Amino acid sequence: MPRPSPDANLTARPHTAAGAQEKVQEKEPRMMLFDVYVPRGALDADERRALGRRLIEAFMVDNGMHASEVLGAARTLTQALVHETDAWVLGQRPEEGESDPADPPRYVVRLSVPAAWRKDMSANAIEMVTKALAETEEAAGRDPEHLWLAPHAMVHVVGVSEGGIGFYGKSFGAEDLLEELTRAYRRNLAQGQVSAPPPGRLLDPVCGMTVEEDTDLTLVHGGTVYGFCHHTCRRRYAEEHGLRTQLVNLDALNDA
């Protein structure tokens, strides 16, 4: 297929998906469902499988910030479905002529997550998905710039309402999913099988992430200062241990 010819008036945007990936991964790993739709003929079977794998790996990077048990649980619950669509109708007026949706390829991606997670991850997730699609285009020998210069990749981050996700024949809310993802890690923590965080970082005892020591999301329990990746983890730990949720001043604590 010929390479796309972007409108000369369009300016290429900076590709900053690496930064977007870091921001998504500042929170605990999250299970996701990717639904990807591509026009028939745009990608062969191997390319479709590679795209699904590329999306999962983009969001499930083991960067040392997450407990391996939690990352493994998130991977177990994450799936990517890549659909080849026969009838793909573009929205231009009939008198404008019929365009081929596979030349250059259009993509529609639906990323389903619990509604409680959607707001703080959408912008970065959309950029990461588009980057994965661009890598797929490049691997197929096409110029990926059309995905940044024209609306050829539509990404929906869909927040599934509380209790609208289910496994094992029962519904799961956001708190239930957090419990499912962190069960193995929390068991190992209780058994003393979790390593101390590196210098300058604090351990999130709920999800196993390590966070910067200067975070505002902290609690003290049993003489240990814990840091938290998200207010959800902090609230859960406080409720489980009957702690007040005041913020900890680490400088004052160290000077005492």
Side-chain angles (χ1 to χ4, degrees), residues 1-21 23-24 30-60 78-161 164-165:
M1 297 179 185
R3 290 189 173 188
S5 299
D7 190 309
N9 295 322
L10 293 172
T11 303
R13 52 158 295 156
H15 300 175
T16 58
Q21 186 180 65
K23 291 179 181 178
V24 168
R30 296 166 171 181
M31 53 72 59
M32 306 174 198
L33 174 62
F34 299 92
D35 266 309
V36 186
Y37 298 87
V38 299
R40 183 167 295 280
L43 302 175
D44 64 29
D46 288 339
E47 289 170 330
R48 294 195 298 275
R49 281 190 292 270
L51 172 54
R53 176 53 56 191
R54 188 174 284 120
L55 286 167
I56 291 174
E57 295 304 322
F59 284 80
M60 298 288 161
T78 295
Q79 302 178 60
L81 313 178
V82 183
H83 312 270
E84 190 176 48
T85 303
D86 285 318
W88 192 296
V89 182
L90 300 176
Q92 70 261 39
R93 297 176 183 275
E95 58 267 24
E96 295 174 351
E98 191 73 21
S99 296
D100 183 356
D103 186 17
R106 273 58 161 186
Y107 296 89
V108 173
V109 181
R110 183 179 297 117
L111 173 55
S112 298
V113 298
W117 301 349
R118 184 193 61 81
K119 183 177 180 180
D120 67 351
M121 69 177 293
S122 289
N124 297 313
I126 289 169
E127 189 167 358
M128 290 167 63
V129 167
T130 306
K131 177 66 161 49
L133 299 176
E135 291 173 355
T136 297
E137 285 292 276
E138 188 169 19
R142 293 185 290 262
D143 187 346
E145 287 300 306
H146 71 99
L147 299 176
W148 305 102
L149 300 175
H152 292 171
M154 182 179 294
V155 183
H156 298 171
V157 181
V158 180
V160 181
S161 58
I165 294 175

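Reckoned from all heavy atoms, side chains included, excluding hydrogens, waters and symmetry mates. Keep in mind it's a predicted model, so treat the numbers as computed, not measured.
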Any idea which heavy atoms bring Pro39 and Arg106 closest together, and the distance?
CD-O, 3.1 Å

Of all heavy-atom pairs between Asp120 and Trp117, which one has the smallest distance, and what is that distance?
OD1-O, 2.7 Å

Given side chain to side chain contact (heavy atoms under 4.5 Å, CB included), test Glu145 with Glu138 step by step and report yes or no.
CA-CA 9 Å; Glu145 287 300 306; Glu138 188 169 19; over 6 Å; no

Are the side chains of His83 and Arg40 in contact, using a 4.5 Å heavy-atom criterion?
no

Heavy-atom side-chain contact between Val36 and Val38 under 4.5 Å
yes

Smallest heavy-atom separation, Arg48 atom then Val82 atom, equals O-CG2, 3.5 Å

Between CG of Leu147 and CE of Met154, what distance do you get to the nearest 0.5 Å?
13.0 Å

Evaluate the side-chain proximity of Glu127 to Thr130: yes if any heavy-atom separation is below 4.5 Å, no if none is.
no

Exercise: identify the closest heavy-atom pair between Leu55 and Ala132
CD2-CB, 3.6 Å

Determine whether a donor-acceptor pair (N or O, by modelled atom type, separation under 3.5 Å) exists between the side chain of Ser112 and the backbone of Val158.
no

Those residues at least two apart in sequence (or on a different chain) that pass side chain to side chain donor-acceptor pair (under 3.5 Å) with Thr136 are Arg54

Can you tell if the side chain of Tyr107 reaches within under 4.5 Å of the side chain of Leu51, non-hydrogen atoms only?
yes

Quick check: do Glu135 and Pro144 have side-chain heavy atoms less than 4.5 Å from each other?
no

For Ala42 against Glu47, the heavy-atom pair lying closest together
O-OE1, 4.2 Å

Does any part of the side chain of Tyr37, heavy atoms only, come nearer than 4.5 Å to the side chain of Leu81, both counted from C-beta?
no

As an exercise, state the distance from CZ of Arg142 to CG of Asp103, rounded to the nearest 0.5 Å.
8.5 Å

Shortest non-hydrogen separation from Glu137 to Pro105 and the atoms involved:
OE1-CD, 3.4 Å

Yes or no on side chain to side chain contact (heavy atoms under 4.5 Å, CB included) for Asp100 and Trp88, after CA distance, side-chain angles and deciding distance?
CA-CA 9 Å; Asp100 183 356; Trp88 192 296; over 6 Å; no

Test salt bridge (Lys or Arg N to Asp or Glu O under 4.0 Å) applied to Glu57 and Arg53, step by step
CA-CA 6 Å; Glu57 295 304 322; Arg53 176 53 56 191; 3.1 Å; yes

Report yes if some heavy atom in the side chain of Leu111 is under 4.5 Å from a heavy atom in the side chain of His156; otherwise report no.
no

Begin from the C-alpha positions of Thr78 and Leu33 and carry the test side chain to side chain contact (heavy atoms under 4.5 Å, CB included) through to its verdict.
CA-CA 6 Å; Thr78 295; Leu33 174 62; over 6 Å; no

Within-4.5 Å side-chain heavy-atom neighbours: Phe59 and Met31
no

